[in-house]
Undergrad: 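Okay, here's the structure, questions in a sec.
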Amino acid sequence: MKIYRNCSLLPYNTFGVDGRCSALVEYDTEQELCDILNLVQKGELPSPVLQIGQGSNILFTGDFEGTLLHCSISGIQVLDSSDTEVLVKVGAGVVWDDFVSQCVENGWYGAENLSLIPGLTGSAAVQNIGAYGTEVKDIIASVRCFDMREGLYRTFDVNECGYGYRDSLFKKCRDLTVTFVTFRLSTEKSFNLSYSALQQAALAEGADSLSHIRDIVCRIRRSKLPDVSTLGSAGSFFKNPLVERSLFESLKQKWPDIPGFGDNSGTGPVKLSAGWLIEKCGWKGKSLGRAGVYEKQALVIVNLSGATGEEIAALSRLVADDVFKKFGVSLSPEVLIL
Ligand code: EPU
């Protein structure tokens, strides 16, 4: 492992905000987490300890007075395969899209709709990343962690991971550091075309292969979301809010075109599109200082040029306040604000 003291945060967050952390540890085996825990317990590494991936879902609003852990555990290993599926164990430090690309090359179905999502495989399992009708929990079999409080390795079956919309046990218990994720992928041809823009493009182009579906997903994603290497962001800044159906019905009286997604019973809560709410408040393409609301997707906040984390957070608070004033709906950040 490598320990860096008083280290710049710049390479470790896709918002591209500057700042320092007291210590940063790069490690590439799960055994090293035991050694890291010892150093923390002896006071040789400062607390709190936080695992980060590529920092694609974090906003630092100041210096981080603790230890950041950056995982480089690598490896994509087939554990088992049958006529219909394959079980693959992936190191938490594998870049998520590199794994998706491997799945496509190997003819493993299930991950392709999650193409091009920034971050590492471990973070994907923490965040339960989702896009175009698929959530990563749909293809996870189990998650292996090191418990930084108990000093134990633990493996959680997918049903024990507390998965929900952009939520998991690992998000709530930050002491659980993900080391490996095991995926169950299909080797039989099957695509999830439930997202209408994907379905339309797939039909129009007669897409019939994994690589073609991946290309379409990448194209849709690039058309809506900024490339973090040129424009700092963390994807969607807020979660899409879940509201009581009665509130949705009353909003629909006033705004008949408000998008709402509920279950088929027509009675339960409804998920609203935060991007639509923000756009209706007039924020799309607008900025506050050096932070802006992305012109092509209002759910994304961008660092226009050298913004501080606090400037980005200030814009997000203003946006959320306006949405609340106009619609009576609270937005909660998807991004971890530190
Ligand atoms: N919309 C607007 N204006 C906007 C953006 C969206 O009116 O500026 C409305 C449109 O009606 C659109 C609907 O919102 O039909 C949904 O928009 P979109 O399909 O772009 O998806 P989203 O709900 O805004 C979610 C995820 C994205 C994911 C896309 C596609 C969350 C918080 N975000 O966005 O995930 O890529 O669906 O599946 O659930 C991320 O988590 O970082 C992320 C990018």
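We count ligands from 1, going down the list as the structure has it; atoms in each ligand are counted the same way.
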Undergrad: Strictly inside 4.0 angstrom of atom 40 (C) of ligand 1, do you find any protein heavy atom?
TA: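 When distances to the protein are checked, atom 40 (C) of ligand 1 has a heavy atom within 4.0 Å.
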Undergrad: Any ion pair linking Glu279 and Lys286 (charged N to carboxylate O, less than 4.0 Å)?
TA: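 Not counted as a salt bridge, because no side-chain N and carboxylate O are separated by less than 4.0 Å.
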Undergrad: Starting from atom 31 (C) of ligand 1, what is the nearest protein heavy atom, named by residue and atom, and what distance separates them?
TA: Tyr165 OH, 3.3 Å
Undergrad: Do Arg166 and Asn128 have a side chain donor and acceptor closer than 3.5 Å?
TA: no
Undergrad: Phe156 vs Phe170 aromatic rings, parallel, tilted or perpendicular, using cut-offs 30° and 60°?
TA: perpendicular
Undergrad: Between ligand 1 and Arg166, can you find any atom pair, the residue atom being a heavy atom, that is separated by under 4.0 Å?
TA: yes
Undergrad: If you count the atoms of ligand 1 from 1 in the order shown, which ones are under 4.0 Å from a heavy atom of Ala298?
TA: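 So the answer, numbered in order with elements, is 4 (C), 8 (O).
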Undergrad: Considering heavy atoms of the protein only, find what lies nearest to atom 1 (N) of ligand 1 and give residue, atom and distance to 0.1 Å.
TA: Trp276 N, 3.6 Å
Undergrad: Less than 4.0 angstrom from a charged side-chain N to a carboxylate O is my criterion; do Arg214 and Glu112 meet it?
TA: no
Undergrad: Can you pull out the closest protein heavy atom to atom 18 (P) of ligand 1? Residue, atom name and distance to 0.1 Å, please.
TA: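 The closest one turns out to be Tyr195 OH, 3.6 Å.
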Undergrad: Would you mind listing which atoms of ligand 1 come within a distance below 4.0 Å of any non-hydrogen atom of Ala131?
TA: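 Those atoms are 36 (O), 38 (O).
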Undergrad: May I ask you to list the atoms of ligand 1 that are less than 4.0 angstrom from any heavy atom of Leu225?
TA: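 Answer for ligand 1: 44 (C).
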Undergrad: Distance to the ring centre below 6.0 angstrom and angle to the axis at most 45 degrees; does that hold for Lys271 and Tyr165?
TA: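 Yes, Lys271 lies over the aromatic ring of Tyr165.
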Undergrad: Examine ligand 1 and decide if any of its atoms is less than 4.0 Å from a heavy atom belonging to Arg221.
TA: yes
Undergrad: Is atom 36 (O) of ligand 1 close to the protein, meaning a heavy atom under 4.0 Å from it?
TA: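 Yes, because at least one protein heavy atom sits under 4.0 Å from atom 36 (O) of ligand 1.
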Undergrad: Within the structure provided, determine whether Leu39 and Thr67 are in side-chain contact (heavy-atom separation under 4.5 Å).
TA: no
Undergrad: Check whether any protein heavy atom sits under 4.0 Å from atom 29 (C) of ligand 1.
TA: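 So far as the 4.0 Å threshold goes, atom 29 (C) of ligand 1 is out of reach of every protein heavy atom.
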Undergrad: Does Glu279, backbone or side chain, put an N or O under 3.5 Å from an N or O of ligand 1?
TA: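 Yes; at least one N/O pair falls below 3.5 Å.
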Undergrad: Examine Lys89 relative to Phe180 and say whether NZ or CZ is less than 6.0 Å from the centre of the six-membered ring and inside a 45° cone about the ring axis.
TA: yes
Undergrad: Specify the protein heavy atom at minimum distance from atom 34 (O) of ligand 1: its residue, its atom name, and the distance to 0.1 Å.
TA: Leu299 CD2, 4.0 Å
Undergrad: Return the closest protein heavy atom for atom 25 (C) of ligand 1 as residue, atom name and distance.
TA: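 Protein heavy atom at minimum distance: Asn240 ND2, 4.1 Å.
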Undergrad: Which residue owns the protein heavy atom closest to atom 38 (O) of ligand 1, what's the atom, and how far is it?
TA: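 The closest heavy atom on the protein side is Tyr132 N, 2.7 Å.
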Undergrad: Could you check whether any heavy atom of Ala274 sits closer than 4.0 Å to an atom of ligand 1, since that is the contact criterion I want to use?
TA: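 False for this residue.
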Undergrad: Would you sort out whether Asp208 and Lys189 count as a salt bridge (charged side-chain N to carboxylate O under 4.0 Å, His left out), showing the intermediate values?
TA: CA-CA 9 Å; Asp208 193 33; Lys189 189 183 279 188; 3.1 Å; yes
Undergrad: Could an N or O of ligand 1 be found under 3.5 Å from any N or O of Lys296, whether backbone or side chain?
TA: no
Undergrad: Of all the non-hydrogen atoms in the protein, which one sits nearest to atom 17 (O) of ligand 1, and at what distance?
TA: Gln297 NE2, 4.4 Å
Undergrad: Does Arg154 come within less than 4.0 Å of Glu160, counting only side-chain N to carboxylate O?
TA: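 Salt bridge flag = no for Glu160 with Arg154.
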Undergrad: I'd like to know if Lys239 pairs up with Asp167 as an ion pair, taking the criterion as any Lys NZ or Arg NE/NH1/NH2 lying under 4.0 Å from an Asp or Glu carboxylate oxygen.
TA: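 Looking at Asp167 together with Lys239, the answer is no, because their closest N to O distance does not fall below 4.0 Å.
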Undergrad: Return yes if some donor-acceptor pair links the side-chain N/O of Asp97 with the main-chain N/O of Val100 below 3.5 Å, else return no.
TA: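 Side chain of Asp97 to backbone of Val100, a donor-acceptor pair under 3.5 Å: no, none is there.
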Undergrad: Measure the shortest side-chain to side-chain distance between Ile216 and Glu205 over non-hydrogen atoms and say whether it is less than 4.5 angstrom.
TA: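 Yes. Closest side-chain heavy atoms under 4.5 Å.
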Undergrad: Within the 4.5 Å heavy-atom criterion, are Val49 and Leu69 side-chain neighbours or not?
TA: yes
Undergrad: Determine, using heavy atoms of Tyr294 and all atoms of ligand 1, whether some pair is separated by less than 4.0 Å.
TA: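 It does not; every heavy atom stays at 4.0 Å or beyond.
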Undergrad: Only heavy atoms count here, so choose which of Ser233, Ser236, Ala234 is nearest to atom 33 (N) of ligand 1.
TA: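 Result: the heavy atom closest to atom 33 (N) of ligand 1 is in Ser236.
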Undergrad: Quick check on contacts: which atoms of ligand 1 are under 4.0 angstrom from a heavy atom of Gly235?
TA: 42 (O)
Undergrad: Closer than 4.0 Å to some heavy atom of Lys284 - which atoms of ligand 1 meet that?
TA: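 Counting from 1, the qualifying ligand atoms are 3 (N), 4 (C), 8 (O).
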Undergrad: Measuring only between side-chain heavy atoms, which start at C-beta, is Gln54 closer than 4.5 Å to Val95?
TA: yes
Undergrad: With a 4.0 Å heavy-atom cut-off (strictly under), which part of Pro259 contacts ligand 1: side chain, backbone, both or neither?
TA: side chain
Undergrad: Where does Phe238 meet ligand 1, judged by heavy-atom distances below 4.0 Å: at the side chain, the backbone, both, or neither?
TA: backbone
Undergrad: Do the side-chain N and O atoms of Gln199 and Ser196 include a donor-acceptor pair separated by under 3.5 angstrom?
TA: no
Undergrad: Run the numbers for me: atoms of ligand 1, each under 4.0 Å from some heavy atom of Lys224, listed by number.
TA: 18 (P), 19 (O), 20 (O)
Undergrad: When you measure from atom 13 (C) of ligand 1 to every protein heavy atom, which one gives the shortest distance, and what is it?
TA: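 Protein heavy atom at minimum distance: Ser273 OG, 3.4 Å.
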Undergrad: Looking at atom 15 (O) of ligand 1, would you say a protein heavy atom lies below 4.0 Å from it?
TA: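 No, because not a single protein heavy atom sits under 4.0 Å from atom 15 (O) of ligand 1.
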Undergrad: Assert yes or no for the condition that the ring centre distance of Phe183 to Phe99 is strictly below 6.0 Å.
TA: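 Ring centroids of Phe183 and Phe99 are less than 6.0 Å from each other.
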